Peer 1: 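Please find one structure pasted underneath; my questions will follow.
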Amino acid sequence: MTEGTTSAAAEGADTLTRLEQEGEIAADYLEGLLDIADLDGDIDMDVEADRASVSIISDTGSRDLQKLVGRDGEVLEALQELTRLAVHRETGDRSRLMLDIAGYRAQKRAELSELGAKAAAEVKSTGEPVKLKPMTPFERKVVHDAVKTAGLRSESEGEEPQRFVVVLPA
């Protein structure tokens, strides 16, 4: 192995260790939150796409966790930011941690991927750009990825909270 290869491998291991640490800090924070709220849920940690991913799941399919998702994921977004702040407080580094509760984000990701693919198909057939409704940064990222997979390009336009995706012809 060359020195550069060894260095890159060490850097990758350091990144993985740091992301796993973020996940553990987030899990501890969220377990405390669940205890305070007297809600049942298990914490699942992973590393996906160079960011820590933490999920709160329930074996019983409890509707109580839906309270932590809120209308259109608003409570989930707020909890994600609080969890990122807890990680930042412990590590001193900005966290890009993703939080999912009761599979809400996983389901939303599937729906948005389908929306992006349909918009791309429409653009391919008509040759005209398609503007989608305003979305959160997470939602826009998923749509951008789906459009890219379909072989087209997309851009975000507008100002928060009315920022939206425009799917463009190739």
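Quick caveat, the model's predicted, so the values are computed rather than measured. Note that the numbering runs from 1 along the sequence shown for the chain.
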Peer 1: According to salt bridge (Lys or Arg N to Asp or Glu O under 4.0 Å), who are the partners of Asp72, at least two apart in sequence or on a separate chain?
Peer 2: none
Peer 1: Please enumerate all residues that pass salt bridge (Lys or Arg N to Asp or Glu O under 4.0 Å) together with Glu155, with sequence neighbours excluded.
Peer 2: Arg153
Peer 1: List, by chain and then residue number, the residues other than Ile25 in its hydrophobic cluster (Ile/Leu/Val/Met/Phe/Trp/Tyr, side-chain heavy atoms under 4.5 Å); write none if there are no others.
Peer 2: Val87
Peer 1: Does Glu20 have any salt bridge (Lys or Arg N to Asp or Glu O under 4.0 Å) partners at least two apart in sequence or in another chain, and if so, which?
Peer 2: none
Peer 1: How is the hydrophobic cluster of Val143 composed, in terms of its other members, when Ile, Leu, Val, Met, Phe, Trp and Tyr link through side-chain heavy atoms under 4.5 Å apart, directly or indirectly?
Peer 2: Met98, Leu112, Leu115, Val123, Val130, Leu132, Met135, Phe138, Val142, Val147, Leu152, Val165, Val167
Peer 1: List, by chain and number, the other hydrophobic cluster members for Ile57, where Ile, Leu, Val, Met, Phe, Trp and Tyr join if side-chain heavy atoms come within less than 4.5 Å, directly or indirectly.
Peer 2: none
Peer 1: What pairs with Glu90 under side chain to side chain donor-acceptor pair (under 3.5 Å), at least two apart in sequence or on another chain?
Peer 2: none
Peer 1: Suppose the criterion is salt bridge (Lys or Arg N to Asp or Glu O under 4.0 Å): which pairs have a residue in residues 105-126, not counting sequence neighbours?
Peer 2: Glu77-Arg105, Lys108-Glu139, Glu114-Lys118
Peer 1: Quick one: list whatever passes salt bridge (Lys or Arg N to Asp or Glu O under 4.0 Å) with Arg163, sequence neighbours left out.
Peer 2: none
Peer 1: Glu48: which residues meet the side-chain contact (heavy atoms from CB on, under 4.5 Å) condition with it, sequence neighbours left out?
Peer 2: Asp46, Ser53
Peer 1: In the hydrophobic clustering (ILVMFWY, side-chain contacts below 4.5 Å, transitive), which residues join Phe164, or is it alone?
Peer 2: Val166, Leu168
Peer 1: Residues two or more places apart in sequence or in another chain: which of them pass side chain to side chain donor-acceptor pair (under 3.5 Å) with Arg94?
Peer 2: none
